[in-house]
Engineer: 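Here's a structure for you.
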Amino acid sequence: TGVYNSKYAAPTTINTNSEDLSSSWYMEDGSYIRLKNVVLGYTIPQNLLDNVKIRQARVFLQAQNVFTLTKFTGPDPEALGYPYPISFNVVAGLNIGF
């Protein structure tokens, strides 16, 4: 009949349905909201540090690529053509000054 009910376009080398025309068939919305970097820190009060002869101390926790909100079906809406999702990283630390 020449009429097919298909969800996806059929690839072919025979140009019977004008397959060479530009199309947005495989395009999708790539908008997103991302929390890329967050740091939580706490400076230890001086009265707790006086007994151990430390001038200052701070503990911290840093996270990268915490979350991404999107309807994009690929691995990452920000990395065009990159086939892998970005990694989630966490760093904990302690800064001490004598």
Side-chain angles (χ1 to χ4, degrees):
T1 65
V3 178
Y4 303 100
N5 293 326
S6 176
K7 184 176 178 181
Y8 301 105
T12 180
T13 58
I14 302 169
N15 188 11
T16 58
N17 296 317
S18 300
E19 286 93 0
D20 60 340
L21 297 177
S22 297
S23 174
S24 61
W25 181 265
Y26 292 105
M27 300 290 288
E28 63 180 303
D29 183 9
S31 60
Y32 64 95
I33 295 175
R34 172 174 285 163
L35 180 59
K36 189 130 184 166
N37 194 7
V38 64
V39 179
L40 300 172
Y42 178 72
T43 302
I44 298 172
Q46 189 62 44
N47 61 352
L48 297 175
L49 300 174
D50 288 338
N51 296 337
V52 290
K53 308 285 193 223
I54 295 176
R55 185 173 40 92
Q56 64 184 12
R58 181 175 185 268
V59 294
F60 67 91
L61 183 68
Q62 176 183 0
Q64 292 180 326
N65 305 318
V66 179
F67 68 84
T68 303
L69 301 175
T70 185
K71 292 183 180 179
F72 183 68
T73 59
D76 183 14
E78 195 172 33
L80 300 174
Y82 188 66
Y84 305 107
I86 55 174
S87 62
F88 172 70
N89 302 313
V90 177
V91 175
L94 173 65
N95 294 334
I96 297 176
F98 292 99

Engineer: Indicate yes or no for a side-chain donor-acceptor contact from Asn65 to the backbone of Ser87 under 3.5 Å, with no hydrogens or angles considered.
Structural biologist: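 Here the side-chain-to-backbone pair exists.
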
Engineer: Answer yes if Phe60 and Ile44 sit in the same cluster of Ile, Leu, Val, Met, Phe, Trp and Tyr residues linked by side chain heavy atoms under 4.5 Å apart, and no otherwise.
Structural biologist: no

Engineer: Ignoring hydrogens, what is the shortest heavy-atom contact between Pro75 and Pro85? Give both atom names and the distance.
Structural biologist: CB-N, 3.7 Å

Engineer: Which atoms form the tightest heavy-atom contact between Gly30 and Pro77, and what is the distance?
Structural biologist: O-CB, 3.6 Å

Engineer: Side-chain heavy atoms under 4.5 angstrom apart, residues restricted to Ile, Leu, Val, Met, Phe, Trp, Tyr: same cluster for Leu94 and Val52?
Structural biologist: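 Result: yes, single cluster for both.
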
Engineer: Hydrophobic clustering (ILVMFWY, side-chain heavy atoms < 4.5 Å, transitive) - are Leu69 and Val38 grouped together?
Structural biologist: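 Looking at the clustering, Leu69 is in the same group as Val38.
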
Engineer: Do Asp29 and Phe72 make a side-chain contact, defined as non-hydrogen atoms from C-beta onward lying under 4.5 Å apart?
Structural biologist: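 With C-beta onward as the side chain, the pair stays apart.
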
Engineer: Can you get from Phe88 to Leu61 by hopping between Ile, Leu, Val, Met, Phe, Trp and Tyr side chains that sit under 4.5 Å apart?
Structural biologist: yes

Engineer: From Phe98 CZ over to Leu49 CG, what is the distance, rounded to the nearest 0.5 angstrom?
Structural biologist: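 Reported value, rounded in 0.5 Å steps: 10.5 Å.
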
Engineer: Please say yes or no: joined through hydrophobic side-chain contacts below 4.5 Å, possibly via intermediate residues, are Val91 and Val66 part of one cluster?
Structural biologist: no

Engineer: Is there side-chain contact between Arg34 and Asp76, with heavy atoms separated by less than 4.5 Å?
Structural biologist: yes

Engineer: Roughly how far apart are Asp50 CG and Arg55 CZ, rounded to 0.5 Å?
Structural biologist: 12.5 Å

Engineer: Looking at every non-hydrogen atom in both residues, tell me the closest pair between Asn37 and Ala63 and how far apart they are.
Structural biologist: OD1-O, 3.1 Å

Engineer: Compare all side-chain heavy atoms of Gln56 with those of Thr43 and state whether any distance is below 4.5 angstrom.
Structural biologist: no

